[in-house]
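For reference, the structure discussed in these notes is given below.
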Amino acid sequence: MIEIQLDGQKVEVTEGSMIMHAAEKAGTYIPHFCYHKKLSIAANCRMCLVEVEKAPKPMPACATPVTKGMVVHTKSEKALKAQQSVMEFLLINHPLDCPICDQGGECQLQDLSVGYGAGASRYEEEKRVVLHKDVGPLISMEEMSRCIHCTRCVRFGQEVAGVMELGMIHRGEHAEITTVLGDTVDSEVSGNMIDLCPVGALLSKPFRYKARNWELARRKSVSPHDSTGANLIVQVKNNKVMRVLPLENEQVNECWLADRDRFSYEALNSDERLTRPMLKQGGDWREVDWQTALEYVANGLKQIKAEHGAQSIGALVSPHSTVEELYLAGALMRALGSENIDYRLRNAQFPQAESVRWLGTSIASLSDLERALVIGSNLRKDHPLFAIRIRAAVRKGAAVSVIHDIANDWAMSIAQSVITPAGSWVQALADVAAAVASEKGVAAPAQGKASDAAKAIAQSLLGGERKAILLGNAAAHHANASSLLALANWIGAQTGATVGYLTEAANTVGAQLAGALPGAGGLNAGQMLGGSLKAVILLNNEPEFDSAAGAKGAAALSKAAMVVTLSPFKANLELSDVLLPIAPFTETPGTFVNAEGRVQSFHAVVKPMGETRPAWKVLRVIANLLGLPGFEFEAAQDVLVAARGAQDAQAGFVQGGKLNNATSAAVDTSVAAGKPVTAAIYQLDGIVRRAPALQLTADGRAGRVYDEARAGAPAQRAKVPAGDDALQASVGA
């Protein structure tokens, strides 16, 4: 540690730190633009000039290392004069468009110009003009004349996203930030550049000119997409979600968001929202009141149970639903006498649940890994924020190995990779186990050949201290998932690596904890999608796109006597008999449990649209109409307490050792396995599928082609009564 004096205060910082780091520790603010705690030091804005005693001139605080006994003045006359001079230069070419700039009210340049800018400029020359660029549907670069060349966006792409899509060309007043070749910005985390921009040069294209910063109310929430559980600030105006920003949480998402977390809110205000209950009568859809719809569902369930038994009723639920919704769906099925409930819609294998599968380590620890083996994952697209952390570990020297069927570009260096068809993954992992066994002189858990690639992966895992074996979405959905887990556990035990699942959805872990799994004698998702039920409840999912069965599964379900869809959108129109409008995550309180087992509850940030109701309330009322006991819940918090089986709703689910990736399954290398079904980045759930800007991106277009090919040709649309123009437009004639 080194001690310096900063504005008369003694501060201790680690050797190699900069003056800026000492100021942060002391709680002293030094004005800056180019400096950012998550990016490398560029020192090109010079706004952070401070006075250092015995130095001949003001020094940049972000790039001046501390030395023992250093005396720094951040608010002396010399420092202030230097900062004011820099501000004068920055404003020479900056356009005077604050009144119409979207950054107004949250602009660093605007804020600092009040404190460090002059009342008038001494420069009378014409201001420079920089032509706008079209870099895609997410980022607006229409006003690049505002750019002050801090290069935060450039450094973010190069260092954090792993793809240097933006760069600076030319020199002096001709310098500009551009894609150089006129390409689009296609990174899955590109929206973070908007947050990093200290002026109004990079703006959110979907949000541009929609509202002013001071008009927006700010409310906390949690992302409903992948298993990171990213913390959100949802900005609201007139009971409408206008923008989504990251809420900083170093243990979860740091200060970043994936683009699907940031821009998917567009779907919440789309014309595809279902706002009133609907019944299909004679092939036509009719809007009805809640009482009529709920009585139809309750009477239908009673009749089907009486005629065919409770085991003819089942529920297919989405792991993007809240703990409260999943718990009540399971409780409803079991109160009816059925164990048919499952969230594993994309799985090909359905082993008996031994424990709750999870990441096996903390999310934050991914940034400090020294060795990692990732099996069956397109990490960069499946889990963008996990990829950022592992990319950071690679920058610090970590070695990452991969077993997959496609050589995806992860925008990071890969030490070893085995690219082989999914049916060979178990054998490939058995080969790695054989190489580990050979190195350690122990018996291998399965017959394998220690190939050169397997030896390289084994030696990598046997080195280093902080290690992880991570099973991706495709590994979890694999037809021989149990063998993959068994082999991963053996290798982890021999090498000292943690073993875990990256987990697909926002509440994959929560779904397991809430009991959204078939009990004894219950049908799994694969069996239910085969058409073995008379009555089906679909909670927040579309089997055509959200299940391994795809269009065949939807067709099989359509043959049931009654299909009830609970969705925020006009979904499953061809196969459903009744649609019940439920609230998305912004309109209901709830809880998600992320990959590391972190329990995160949130409140509604806007009122429900139209006659939409929270799904937990809908399920409770259906149970009440059926006369089932144990559904006297008044608030979502009461449901959470029941789901936990404890009185303390703040206690973690992880207590009692429920999170465990151990398995008793034997390794079987003979199982025939096709390609596992996984979702493209912007096809993961119903919300992202309906977000216009995301669907216009390169990933969105590619994902739609894949999903439509897998789902097959669109089924015949249900008829809509003439005169209902909005509904007619949404479902087609």
Side-chain angles (χ1 to χ4, degrees), residues 274 277-318 328-343 345 516 518-519 521-547 549-567 570-582 615 618-619 621-628 715-720 731:
L274 178 67
M278 299 182 72
L279 284 178
K280 186 188 290 182
Q281 298 176 340
D284 295 342
W285 281 106
R286 303 283 181 184
E287 290 186 347
V288 297
D289 59 68
W290 269 104
Q291 187 68 24
T292 300
L294 291 172
E295 286 181 355
Y296 176 90
V297 173
N299 291 335
L301 291 175
K302 286 179 182 177
Q303 183 177 347
I304 290 170
K305 179 182 177 180
E307 293 178 1
H308 304 282
Q311 284 303 310
S312 66
I313 303 171
L316 292 166
V317 297
S318 168
L328 282 181
L332 174 63
M333 286 297 103
R334 292 178 176 108
L336 282 168
S338 171
E339 289 289 344
N340 304 331
I341 180 170
D342 207 344
Y343 76 92
L345 305 183
L523 302 178
N524 60 48
Q527 293 167 326
M528 285 188 274
L529 286 162
S532 56
L533 297 176
K534 294 296 182 181
V536 187
I537 294 177
L538 300 175
L539 175 60
N540 203 22
N541 67 84
E542 298 166 80
E544 187 174 0
F545 303 108
D546 293 328
S547 76
K552 291 182 179 179
L557 291 176
S558 67
K559 297 176 182 177
M562 184 176 72
V563 178
V564 182
T565 290
L566 284 74
S567 173
K570 296 163 185 170
N572 301 326
L573 291 166
E574 292 79 22
L575 61 93
S576 298
D577 297 289
V578 57
L579 302 180
L580 302 179
I582 60 170
V618 175
L619 292 166
V621 173
I622 291 174
N624 294 155
L625 290 174
L626 288 168
L628 303 175
Q716 182 65 38
R717 298 288 183 179
K719 293 181 180 179
V720 180
V731 302

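Only heavy atoms go into these numbers, but all of them, side chains included; no hydrogens, no water, no symmetry mates. Counting begins at 1 with the first residue of the sequence.
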Exercise for the section: Evaluate the side-chain proximity of P518 to L523: yes if any heavy-atom separation is below 4.5 Å, no if none is. Expected result: no
Exercise for the section: Provide the closest heavy-atom pair for A525 versus D342 in the form atom of the first, atom of the second, distance. Expected result: N-OD2, 2.9 Å
Fill in the blank from the handout: To the nearest 0.5 Å, atom OH of Y343 lies from atom CG of N524 at 12.0 Å
Mind listing the side-chain donor-acceptor pairs of residues 558-566 below 3.5 Å, one per line with the distance, residues two or more places apart or on another chain?
from	atom 1	to	atom 2	distance (Å)
S558	OG	A555	O	2.5
T565	OG1	N572	ND2	3.2
T565	OG1	S576	OG	2.6

Practice task
Answer yes or no: is there a side-chain heavy-atom contact under 4.5 Å between E339 and R334?
Solution key: yes
Exercise for the section: State which residues pass side chain to side chain contact (heavy atoms under 4.5 Å, CB included) with L625; sequence neighbours excluded, sorted by chain then number. Expected result: L294, A298, V621
Practice task
Output yes when a side-chain donor or acceptor of K280 lies under 3.5 Å from a complementary backbone atom of E574, and no otherwise.
Solution key: yes
Practice task
Would you check if I313 and M333 make a side-chain contact, meaning some heavy-atom pair closer than 4.5 Å?
Solution key: yes
Problem - Heavy-atom check, side chain of S567 versus side chain of P581, under 4.5 Å - result: no
Practice task
Hey, could you give me the CG/CG distance between D284 and L279, rounded to the nearest 0.5 Å?
Solution key: 12.0 Å
Problem - Distance-minimising heavy-atom pair for L619 and A329 - result: CD1-N, 3.8 Å
Exercise for the section: For residues L328 and L332, determine if any side-chain heavy atom of one lies less than 4.5 Å from a side-chain heavy atom of the other. Expected result: no
Fill in the blank from the handout: Of all heavy-atom pairs linking S338 and A310, the shortest is CB-O, 3.2 Å
Side-chain atoms of residues 531-542: list all donor-acceptor pairs with protein atoms under 3.5 Å, sequence neighbours left out, distances to 0.1 Å.
from	atom 1	to	atom 2	distance (Å)
S532	OG	Q527	O	3.0
N541	ND2	L316	O	2.8
N541	ND2	L539	O	3.0
E542	OE1	R690	NH2	3.0
E542	OE2	R689	NH2	2.8
E542	OE2	R690	NH1	3.0
E542	OE2	R690	NH2	3.4

Problem - L557 CG to M528 CE distance, which is reported to the nearest 0.5 Å - result: 9.5 Å
Practice task
Measure the CG-CD distance between D577 and Q281 for me, rounded to the nearest 0.5 Å.
Solution key: 11.0 Å
Practice task
Report yes or no: does N340 contribute a side-chain atom to a donor-acceptor pair with the main-chain N or O of G314 at less than 3.5 Å?
Solution key: no
Completion exercise
Taken to the nearest 0.5 Å, the spacing of L626 CG from K305 NZ works out to 8.5 Å
